[in-house]
Each structure stands twice: as C-alpha cells, then as structure tokens.
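Some notes on the structure that comes next.
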2 protein chains.
Amino acid sequence: MVRIKDVAREAGVAPSTVSLVMNKKGYVSEETRRKVEAAMKKLHYVPSGVARSLSLNRTNTIGVIMPSAAHPFFGELIGELETALYNAGYKMVLCCTHAKDNAEPHFVEMLKRRNMDGIIMGAHSLDEGLYDNLERPVVAFDRYLNDCIPIVHCDHCQGGKLAAETFLRHSCRHVVEIVGSSIMKTPADDYHRVAAEILTSQGVKVDRIERPWNEPSYASFMQIARQLFADYPDADGILGADLSVSACLYVAQERGLRVPEDVKLLAYDGTLITQMGTQPLTAIRQPIKELAELTVCKLLAMIKGEQDSQPWMIAPTFQPGATC
Amino acid sequence: MVRIKDVAREAGVAPSTVSLVMNKKGYVSEETRRKVEAAMKKLHYVPSGVARSLSLNRTNTIGVIMPSAAHPFFGELIGELETALYNAGYKMVLCCTHAKDNAEPHFVEMLKRRNMDGIIMGAHSLDEGLYDNLERPVVAFDRYLNDCIPIVHCDHCQGGKLAAETFLRHSCRHVVEIVGSSIMKTPADDYHRVAAEILTSQGVKVDRIERPWNEPSYASFMQIARQLFADYPDADGILGADLSVSACLYVAQERGLRVPEDVKLLAYDGTLITQMGTQPLTAIRQPIKELAELTVCKLLAMIKGEQDSQPWMIAPTFQPGATC
DNA sequence: CTGAAAGCGCTAACAG
DNA sequence: CTGTTAGCGCTTTCAG
C-alpha cells in the first residue's frame with residue numbers, strides 16, 4: 001500500500017505538502033502541485049479515508065435508523081435521505097430495526113464511538129434515555145425521542161384537516177380510522193386526532209381500530225381490514241396508512257362493496273403503492289423527498305453548529321385517486 | 001474526550017492492558033480486569049471506532065450499491081442484506097445510483113480509500129473497468145461486472161422454465177415478454193430467453209417488448225403496458241417484472257379484458273406488491289432473503305480469505321395468485 | 001511557499 | 001500477566 005509519505009518522497013516534497021495538494025488547501029506553487037499530482041498518479045495513490053477521519057475527528061458519515069427498508073414509505077424515504085446526504089458529501093450507514101433484537105442501542109453505540117457524525121432516527125424507540133447525553137447531533141424523523149431532540153415531520157394536523165374535508169365533501173356519515181399501536185406516541189397521531197375532531201364536530205360518527213405493534217406483514221393488514229368490515233359494516237369512510245387502506249380495498253371488493261360508491265377509502269402517505277393496482281388510492285401525500293431534504297439540512301446544520309431558520313414541518317398534499 | 005490512556009491512568013495500568021480488557025483478548029488477571037472496567041465506567045469511556053479501524057486496517061463496514069431503495073425488490077433486498085450483515089457484525093453503507101450523476105465511481109473510490117471492507121454491487125454498471133484491480137473484495141448481485149467478480153443470483157433458467165410451464169399449463173398461444181433494456185446484459189435475461197425457447201418449441205408465439213433504460217417511474221410501466229396491448233391485442237400471456245405486470249393488470253382491465261380468463265399475467269420477482277391490490281399476481285418468486293444471506297456469506301468468506309463451498313445460485317419458486 | 005514534528009486514539013509485538 | 005514502544009496514515013500548526 002502506498003502512503004502519503006511515499007508520494008512525498010517520489011515528488012521530492014514533504015507529506016504535508018502532498019496533503020495540501022490533495023485537499024486543495026493553502027498555497028502551493030504550480031510546479032510543486034504538478035510534481036505531486038504526477039507522483040500520486042504514478043504510484044496509484046489512494047488516500048486512506050480512515051486515517052483522515054481519525055485526524056479530522058469527522059467521518060462524513062451519517063447513521064440512519066429506520067424500521068424497515070422493505071416498507072414502501074421507508075424505502076422511499078431511505079432513498080431520498082441517501083440522495084440528500086450524497087449531495088452534501090456524506091455517506092449513509094443504514095440500520096433497520098424491525099426483526100432485530102436490540103439493534104437500536106447497538107447502533108447508537110456506534111455514534112458514540114464516533115463512527116458517524118450524526119444520526120437520523122426514524123424508528124420507534126421504546127428505549128427511554130437512550131438518546132440522552134449524546135455528544136453528536138441527532139434529528140428525529142416523525143418520532144418523539146426526548147425533549148432535546150428536534151423532530152422533522154409532516155404537518156399532520158393539516159393532513160388530518162385535508163382528510164376530514166375529503167370525507168365531508170363526500171358526505172360520509174361514519175368514518176373508521178385505522179391507527180397505529182397506541183404503545184407508541186408519534187407526531188403522526190395528530191392526523192387521526194384532528195380528522196376525528198373535525199368529523200365529530202360535523203356530526204360524523206368516528207370509530208377507530210388499532211393495528212398491532214411492530215407487525216408489518218401484509219397478512220396482518222388484511223386481518224385488520226377484515227375485522228374492520230366485520231365490526232363496522234356500515235362504515236362509509238376509511239382512513240389509514242397506505243397499506244392498511246390497500247388491504248381494505250381488497251376486502252371491500254371481497255364483500256361486494258363498491259368503492260367509492262358504498263365506501264370511500266383515503267390513504268395516508270401516498271407512496272408508490274397507492275398508484276398501483278386496478279384502482280389507484282386517493283391519498284394524503286407526505287412530501288417524502290422534501291422531508292428527507294429538510295431532515296438532512298437540519299442535521300448538517302447542527303453538525304456545523306449553524307442555525308437554520310426553516311420550519312421543522314412540511315405540509316402534506318391531496319393526491320387524487322379512484323377511491324373517494 | 002476520554003482516551004484509552006486516561007482509562008489506563010485511572011486504573012493504574014498500561015493502555016495495552018485496557019485494550020486487552022476491551023477486546024477480551026489475552027490473559028488479564030481478574031483483579032486488573034475489574035480495575036479497568038471500573039475505570040472505564042467511571043470515566044464514561046467510549047472507544048474510538050475510527051482509531052480502531054486505522055489500527056486494524058478494517059472497518060467492519062460493507063458498501064452496498066443498488067439502483068434504488070424505493071423499488072420494492074431492491075427495498076426488500078436492502079433490508080435483508082442489512083440484516084444479514086448486522087448478524088455478522090457488519091454495518092452497511094448504502095449507495096443508490098439511480099438519479100445520481102456518477103455515483104458509482106465515486107462510491108468505488110470509497111472502497112479504495114479503505115472506508116469499507118468490501119462491496120456488494122447490485123446496480124447496473126456501464127462503467128467498464130471500474131471494478132478491475134480492486135484490492136478489496138466485491139460480490140455482484142445478479143450483475144455481470146467483469147470476469148473476476150463472482151455473482152450471486154437466482155437460477156433464472158429455472159425461473160424461465162417455471163414461467164414457460166405455467167403458460168403451457170394454461171394453454172396460452174401467444175405470450176409477450178416485457179424485458180429490461182437491452183443495453184444491459186444481466187443474468188436475469190436468462191429467464192426470458194429460456195421461457196421463450198421452451199414456449200417456441202411448443203408452438204407458442206412469443207413476442208417481446210423492451211423497457212427504456214434506467215426509467216423506474218410507474219408512469220413508464222403504464223406506458224409500456226398500453227403499448228403492449230395496442231401492439232399485441234391477441235396476447236393471452238404476459239411475463240415481466242412485478243411492476244410491469246402490475247401495470248398490465250391495470251391496462252387489461254381498462255381495455256375490458258378479463259384476467260386470467262382472457263389473458264394470463266405472470267410476474268417475475270414476487271415482491272410485496274404482487275400480494276397487494278384486489279387481484280394478487282401469480283408470480284415466480286426470487287427468494288430474496290436467501291439470496292441476501294448467500295451474498296453476505298460469500299463476501300465475508302472472501303474478506304476472511306476462506307473458501308465457501310455453497311453454490312452461487314438459488315432456485316426461484318412458484319407463487320400462486322389470481323392472474324393465471 | 002514548504003518542511004519538520006507533534007498529534008488523532010488504538011493495537012500488537014516483544015520484553016520483562 | 002503487564003508495560004514499553006512503535007506503528008496505522010493523515011492533518012496541521014509553526015518555523016524558516
């Protein structure tokens with residue numbers, strides 16, 4: 001392996017000069033630069049990223065913790081985060097917590113070991129205190145971690161409002177919400193709360209049915225959908241995450257219900273799957289790309305010790321479809 | 001920041017002894033061990049991963065290059081790779097090449113900089129020679145890179161056979177294959193080739209229609225599907241990747257065709273999306289989890305300089321559905 | 001503008 | 001069983 005020292009010797013200069021050339025720092029005469037560059041090329045020199053990180057106390061790497069990469073929402077989010085980080089010169093190391101025993105503390109440990117310059121946390125955390133006293137910055141994505149960790153999220157109150165308005169516009173009288181496990185409090189709870197408040201105030205009956213904790217299999221979505229139609233056969237509006245609502249579409253058809261004539265389905269998230277299949281889902285879309293960019297922007301600002309004046313929240317949009 | 005030296009001083013021992021304790025190496029007396037552990041705890045010592053990597057010339061990090069994380073197949077694959085790597089004590093740094101200018105060379109550069117111990121490459125590469133003369137191991141996932149880089153992939157010949165048998169079983173007379181861009185030669189081409197050979201030999205007419213290069217938007221899938229039905233109105237069997245076939249299901253319905261009565265649809269891959277919607281897609285499923293585990297196993301064996309006697313290929317399975 | 005030298009924090013021989 | 005010492009490869013003052 002060829003080191004900076006070898007390049008220096010070959011070029012007849014000191015290692016520090018080679019460093020200056022590599023990093024385009026300071027003043028180096030044109031001639032010296034050329035000599036150094038020639039030496040680097042001749043020796044096929046490739047600098048060590050690790051040594052550099054040790055010296056700089058910075059790895060240009062961000063840890064991203066998400067429940068799963070296979071889930072359409074998180075898959076899309078991970079992709080956008082990676083792109084935003086890449087554009088800022090950072091690498092992304094990914095940790096998926098679902099189906100792992102206790103990956104999360106293990107991963108946070110890596111942050112402490114200074115393997116990463118910061119963390120974006122988008123998984124559920126049941127581990128109180130895990131994020132206290134960290135020396136390096138953490139930004140939460142749509143999650144409450146502790147009082148000190150800032151959160152980037154979609155304006156779910158606005159989302160709830162859009163949802164309620166949609167059901168009201170179609171004169172629904174009985175809306176059922178499929179909500180996540182109540183073990184977990186998240187900013188996304190707001191859309192269910194706000195939608196229910198508005199609908200109730202307009203005399204619409206609202207029920208909710210809860211999904212099991214940490215169970216992302218499609219079969220479980222189907223099961224909830226079946227239970228929903230069994231428990232609330234007169235429901236004429238359903239609100240839930242994309243996958244939940246997608247399952248409802250299937251079960252509605254199974255039961256001979258017409259969508260949207262008999263029952264309106266409104267998906268929350270608006271990922272790719274809402275566009276697929278024979279009947280695209282009407283949805284409230286979270287602007288995933290913008291959320292990812294904002295998250296990265298906020299985290300990098302924290303790393304640089306800067307202030308960033310953008311708000312921490314982005315509004316969702318209404319995405320037309322064939323189910324409302 | 002507290003360093004190993006500080007712990008050593010606190011415990012009244014040498015840094016090397018602290019290192020031995022941390023890594024559970026060599027022989028350390030019970031008493032010394034306790035003193036060291038107490039000192040570590042007292043000082044809230046967290047070792048530096050970067051310094052360790054520099055010393056060991058090993059980062060316990062693997063680079064994974066994929067086209068996209070938002071695509072159902074790659075999302076699932078990425079998740080399984082991450083889990084397999086995690087279980088082996090490795091972190092995954094992810095690079096998605098789609099929609100980035102030339103991320104791939106940039107990423108390979110990181111491998112050269114020894115930021116990673118190896119690479120799993122699952123993206124298309126048009127960059128000839130990029131993978132030559134690498135000092136650290138690379139395993140390709142379902143891609144041809146160069147003559148030296150081994151490939152883990154699904155047994156696509158078997159997949160093609162399964163597909164052909166399915167169409168024959170349903171007495172199809174005219175099958176259309178939706179194939180990827182011919183710019184790219186991949187192991188997956190085999191299933192189209194083999195299916196076509198078998199079908200043709202049985203007197204079935206086979207046509208193919210090509211998807212544009214590197215264009216993963218759902219709209220483009222819809223466009224191809226429309227073109228397919230326009231060009232081959234008498235097709236009674238369609239074979240293609242999940243998303244392609246999903247789009248065909250939509251368009252078939254749009255044109256008033258009954259599935260599977262008028263036309264059989266067979267999806268290749270069998271990701272989550274085949275299970276969704278009102279009509280689950282019949283599919284040839286690639287065993288993504290097993291493929292991911294095999295890929296990781298092979299790469300880690302290369303890193304350790306070991307031999308691994310497992311074959312580099314895994315057979316696909318038939319997944320029943322409602323479209324054949 | 002360039003070079004010498006002192007780190008960055010950990011590991012691994014090798015003595016003792 | 002433990003301490004000394006010499007790296008790992010790069011960056012960064014600080015003289016000159």
Side-chain angles (χ1 to χ4, degrees), chain A residues 1-40 43-61 109-117 135-136, chain B residues 1-40 43-61 109-117 135-136:
Chain A
M1 153 177 312
V2 26
R3 303 157 342 289
I4 196 172
K5 190 194 293 183
D6 305 311
V7 176
R9 190 182 308 124
E10 173 74 29
V13 301
S16 53
T17 306
V18 177
S19 174
L20 292 182
V21 171
M22 273 197 300
N23 300 301
K24 304 187 204 312
K25 272 191 184 173
Y27 293 87
V28 179
S29 74
E30 208 33 55
E31 190 192 341
T32 309
R33 168 187 314 288
R34 261 197 296 275
K35 277 195 300 188
V36 170
E37 279 166 353
M40 295 201 300
L43 301 181
H44 298 293
Y45 173 63
V46 183
S48 156
V50 178
R52 187 155 203 276
S53 292
L54 180 62
S55 210
L56 294 178
N57 190 28
R58 164 161 62 77
T59 59
N60 276 274
T61 297
E109 176 70 18
M110 281 179 25
L111 177 72
K112 293 193 192 156
R113 290 183 181 224
R114 287 142 283 166
N115 275 308
M116 307 172 305
D117 299 343
E135 289 182 353
R136 302 206 164 186
Chain B
M1 155 177 308
V2 26
R3 309 170 320 300
I4 198 172
K5 189 193 294 184
D6 304 312
V7 176
R9 190 181 310 126
E10 173 75 29
V13 300
S16 54
T17 307
V18 177
S19 175
L20 291 181
V21 171
M22 273 198 300
N23 300 302
K24 305 190 202 311
K25 273 191 184 172
Y27 293 89
V28 179
S29 76
E30 207 34 55
E31 192 194 339
T32 308
R33 168 188 313 288
R34 261 197 296 275
K35 278 194 300 186
V36 169
E37 279 167 352
M40 293 202 299
L43 301 182
H44 298 294
Y45 173 63
V46 183
S48 156
V50 178
R52 186 157 204 276
S53 292
L54 179 61
S55 209
L56 294 177
N57 190 27
R58 163 162 63 77
T59 59
N60 277 274
T61 297
E109 177 71 18
M110 282 179 24
L111 176 72
K112 293 193 192 155
R113 289 182 183 226
R114 285 141 284 164
N115 275 309
M116 307 172 305
D117 299 343
E135 290 183 351
R136 304 207 161 186

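- The residue A:G12 sits close only to the backbone: its heavy atoms come under 4.0 Å of sugar-phosphate atoms, none of a base.
- When distances run from any side-chain atom of A:A14 to the nucleotides D:dC8, C:dA4, D:dT12, the shortest one goes to C:dA4.
- Interface remark: the B:T32 side chain does not form any donor-acceptor pair with the D:dT2 base, using a distance-only criterion of under 3.5 Å.
- A salt bridge does not link A:R34 to A:E31: none of the charged side-chain nitrogens sits closer than 4.0 Å to a carboxylate oxygen.
- Rounded to an integer number of Å, the gap from A:L54 CG to D:dC8 P is 14 Å.
- Put simply, CG on B:L20 is 13 Å from C1' on D:dT4, counting in whole angstrom units.
- In this structure, A:N57 places its CG atom 14 Å from C1' of D:dC10, rounding to the nearest Å.
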Compile the donor-acceptor pairs under 3.5 Å between side chains in residues 10-17 of chain A and protein atoms, sequence neighbours left out, one pair per line.
residue, atom, partner, partner atom, Å
A:E10, OE2, A:K42, NZ, 2.9

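- For A:P47, counting side-chain heavy atoms from C-beta on, the closest listed nucleotide (D:dC10, D:dT11, C:dC10) is D:dC10.
- Protein atom CG of B:L56 is 11 Å distant from nucleotide atom P of C:dA13, rounded to whole Å.
- Between the CD1 atom of A:I4 and the P atom of C:dA5 there is a distance of 17 Å, given to the nearest Å.
- Checking A:N60 against A:R52 by side-chain atom types alone, no donor-acceptor pair falls below 3.5 Å.
- Closest contact between the side chain of A:S55 and the listed nucleotides C:dC10, C:dG7, C:dG9 involves C:dG7.
- The nearest whole Å value for the distance from the CE atom in B:M1 to the C1' atom in C:dC8 is 10 Å.
- One can place CZ of A:R3 at 9 Å from C1' of D:dC8, the figure rounded to the nearest angstrom.
- Phosphate contact (OP1/OP2 of D:dT11, side-chain N/O of A:K25, threshold under 4.0 Å): absent.
- Atom CD of A:E135 has 12 or fewer heavy atoms from other residues, nucleotides or ligands within 6.0 Å.
- Of the possible donor and acceptor atoms, none in the side chain of A:T59 sits under 3.5 Å from a partner among the backbone N and O of A:S53.
- For B:R52 and C:dC10, the shortest distance from a side-chain N or O to OP1 or OP2 is not below 4.0 Å.
- Among C:dG9, D:dC10, C:dG3, the nucleotide with an atom closest to any side-chain atom of A:T17 is C:dG3.
- Between B:R114 and B:S29, it is B:S29 whose nearest contact on DNA chain D lies nearer the 5' terminus.
- The distance from atom CZ of A:R9 to atom P of C:dG3 is 14 Å, rounded to the nearest whole Å.
- When distances are taken from the side chain of B:S16 to each of C:dC10, D:dC10, C:dA13, the shortest belongs to C:dA13.
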